[in-house]
Amino acid sequence: MLNKDLGFSTDSVVYISTPWQEKVEKRRALKNELKQIPEIEILSVHGSPPLSGGWSSTVMDFDNGKEIVNHNVYLKDGDTTYIRLYNIQLLAGRNVLPVDTISEYLINEKYMRLLGFEEPHDVLGKIVHKKFTIVGVVKDFHTQSLHSEITPTVIKYRSEGSGFGMKIFTPANKIADMNPAIQKIEAAWKKIYPDDKFELVFMDDSLIRFYEAEQRTGKLTRVATCIAILISCLGLFGLSSFTVIQRTKEIGIRKVMGATVNNIMFLLSKDFLKLVLMGFILSAPIAYYLMDKWLEKFAYRMDLAAWIFVVSGVVSLVIAFITISFRTVNAAKSDPVKSLRYE
């Protein structure tokens, strides 16, 4: 989830949102202040980043020559540097032009295919919603978390958005290198909005927030797994100790008859390892079923490969063997004379 290619870049990109109720003149003043900061490599005024918690959509119609089809389309707006800031790949056509009246759209591949076209160049110049001309096609990018499929999306020009996206130049691409620029951005904010709280969002961090529930589940699962393994090992250790005590004389007799340490360890361990293997065989199908149901919540997901379960089974057997070995090794190495005298 955190490493999948989302169709856009967030490296060294930060975002601030201005109070929506404030006048446009203040936003323009803030934009001018931000332009004076040399560390800001790219500055874009827009409504929201490509992937955001909220979204705007509308139903758009298209006449394909046979019928008029309607699709629910997600809307993104920004200035001409929007796709450059987020490194959204332009597959065909050109970027939108800075015009007062919106008449041009960039569309993504998903919307292009819904309109009935397979090649980006074929859809250029087509009219959607009666008056908007498609001037470019961009590569698909995620507008929501990986729980949902990529949505049909259009990007339209807007010069007076409420948010500012900024790519900060960092020589080594480290967050610490961004601190001087962030301080200057905060100073510019306080100059224009002295009574409003300054909140800067690192785009990398904002992506992580979409999966907080999964991260909490992961932490709880790891803790529960460690506790379960610990309890199981304690049970195995106690059971192996009890078995060794019961079979002390048998071990002594076998050693006198020529059994090696390895023979004794195998004798004492095989029954426990059979139980662990049996437990794994019973639990693996249940684990597969539950994990597959959980993964169904995601439109983009991994497959449950067989090697995951094989490795889990091997690790279980190794942990069990190590736990049992603490008692079986001592028993196998014990003096057979003392074992035969044991009461």
Side-chain angles (χ1 to χ4, degrees), residues 1-8 10 50-55 57 71-72 74 108-110 113-114 140-153 204-243 266 268-328:
M1 292 184 294
L2 301 180
N3 297 302
K4 186 182 184 298
D5 180 14
L6 299 176
F8 61 91
T10 59
L51 179 65
S52 56
W55 61 83
S57 66
H71 302 101
N72 187 46
Y74 283 66
N108 67 346
E109 296 174 280
K110 180 66 175 287
R113 286 188 288 269
L114 286 178
D140 279 339
F141 60 91
H142 289 267
T143 57
Q144 301 177 61
S145 71
L146 298 180
H147 294 85
S148 307
E149 292 186 3
I150 288 178
T151 56
T153 306
D204 288 335
D205 293 340
S206 68
L207 299 181
I208 297 174
R209 294 172 189 167
F210 283 93
Y211 310 108
E212 288 180 343
E214 284 75 24
Q215 291 182 83
R216 285 195 297 269
T217 301
K219 290 179 180 178
L220 289 172
T221 302
R222 286 192 291 272
V223 172
T225 300
C226 291
I227 294 174
I229 291 174
L230 178 61
I231 293 173
S232 300
C233 290
L234 288 174
L236 272 175
F237 184 80
L239 190 58
S240 62
S241 298
F242 178 72
T243 302
F266 176 75
L268 297 174
S269 302
K270 65 177 182 178
D271 292 336
F272 297 108
L273 296 181
K274 284 180 181 178
L275 291 174
V276 173
L277 184 60
M278 188 182 300
F280 169 76
I281 293 172
L282 292 173
S283 64
I286 299 172
Y288 178 87
Y289 175 79
L290 294 176
M291 289 304 300
D292 190 60
K293 286 295 181 183
W294 181 74
L295 287 170
E296 284 181 357
K297 298 187 299 181
F298 300 89
Y300 301 90
R301 47 168 283 183
M302 64 174 284
D303 293 322
L304 291 174
W307 68 264
I308 298 174
F309 295 90
V310 172
V311 171
S312 300
V314 171
V315 170
S316 300
L317 290 172
V318 170
I319 292 175
F321 182 76
I322 292 173
T323 303
I324 298 167
S325 296
F326 283 106
R327 287 295 292 150
T328 56

Measure the shortest side-chain to side-chain distance between Gln215 and Ile208 over non-hydrogen atoms and say whether it is less than 4.5 angstrom.
yes

Qualifying residues under side-chain hydrogen bond (donor to acceptor under 3.5 Å, both in side chains), relative to Asp292, sequence neighbours excluded:
Arg301

Cut-off 3.5 Å, side chains only: do Thr151 and Thr143 have a donor facing an acceptor?
yes

Report yes if some heavy atom in the side chain of Met291 is under 4.5 Å from a heavy atom in the side chain of Ile308; otherwise report no.
no

Quick check for you: to the nearest 0.5 Å, what is the distance between Asp140 atom CG and Thr153 atom OG1?
8.0 Å

To the nearest 0.5 Å, tell me how far Tyr74 OH sits from Ile150 CD1.
12.5 Å

Report the distance from atom CZ of Phe141 to atom NZ of Lys110, rounding to the nearest 0.5 Å.
12.5 Å

Does the side chain of Leu146 come within less than 4.5 Å of Tyr211's, by heavy atoms?
yes

pair Thr243-Asp271: side-chain heavy atoms closer than 4.5 Å:
no

Let me confirm one number: the CG-OG distance from Asn72 to Ser57, rounded to the nearest 0.5 Å.
4.0 Å

If you look at every heavy atom in Leu282 and Pro285, which pair is closest and at what distance?
O-CD, 3.6 Å

dist Phe210:CZ -> Leu51:CG (nearest 0.5 Å) comes out at 4.0 Å

Can you tell me how far apart CG (Leu207) and NZ (Lys4) are? Round to the nearest 0.5 Å.
12.0 Å

Can you spot which of Lys219, Lys297, His147 makes a side chain to side chain donor-acceptor pair (under 3.5 Å) with Glu214?
His147

Acceptor/donor pairs from residues 224-241 side chains to any protein atom, 3.5 angstrom cut, sequence neighbours excluded:
from: Thr225; atom 1: OG1; to: Thr221; atom 2: O; distance (Å): 2.6
from: Ser232; atom 1: OG; to: Ala228; atom 2: O; distance (Å): 2.8
from: Ser240; atom 1: OG; to: Leu236; atom 2: O; distance (Å): 3.0
from: Ser240; atom 1: OG; to: Phe237; atom 2: O; distance (Å): 2.8
from: Ser241; atom 1: OG; to: Phe237; atom 2: O; distance (Å): 2.8
from: Ser241; atom 1: OG; to: Arg327; atom 2: NE; distance (Å): 3.1

Sequence neighbours excluded, the answer for ring pair (Phe, Tyr, Trp, His ring centres under 6.0 Å) partners of Tyr300 is His142

Please find the pair of heavy atoms, one from Val276 and one from Ala320, that lie closest to each other, and give the distance.
CG2-CB, 3.7 Å

Determine, stepwise, if the pair Leu277 / Leu273 fulfils side chain to side chain contact (heavy atoms under 4.5 Å, CB included).
CA-CA 6 Å; Leu277 184 60; Leu273 296 181; over 6 Å; no

Taking every heavy atom of Ala299 against every heavy atom of Ser148, the minimum-distance pair comes out as CB-C, 3.4 Å

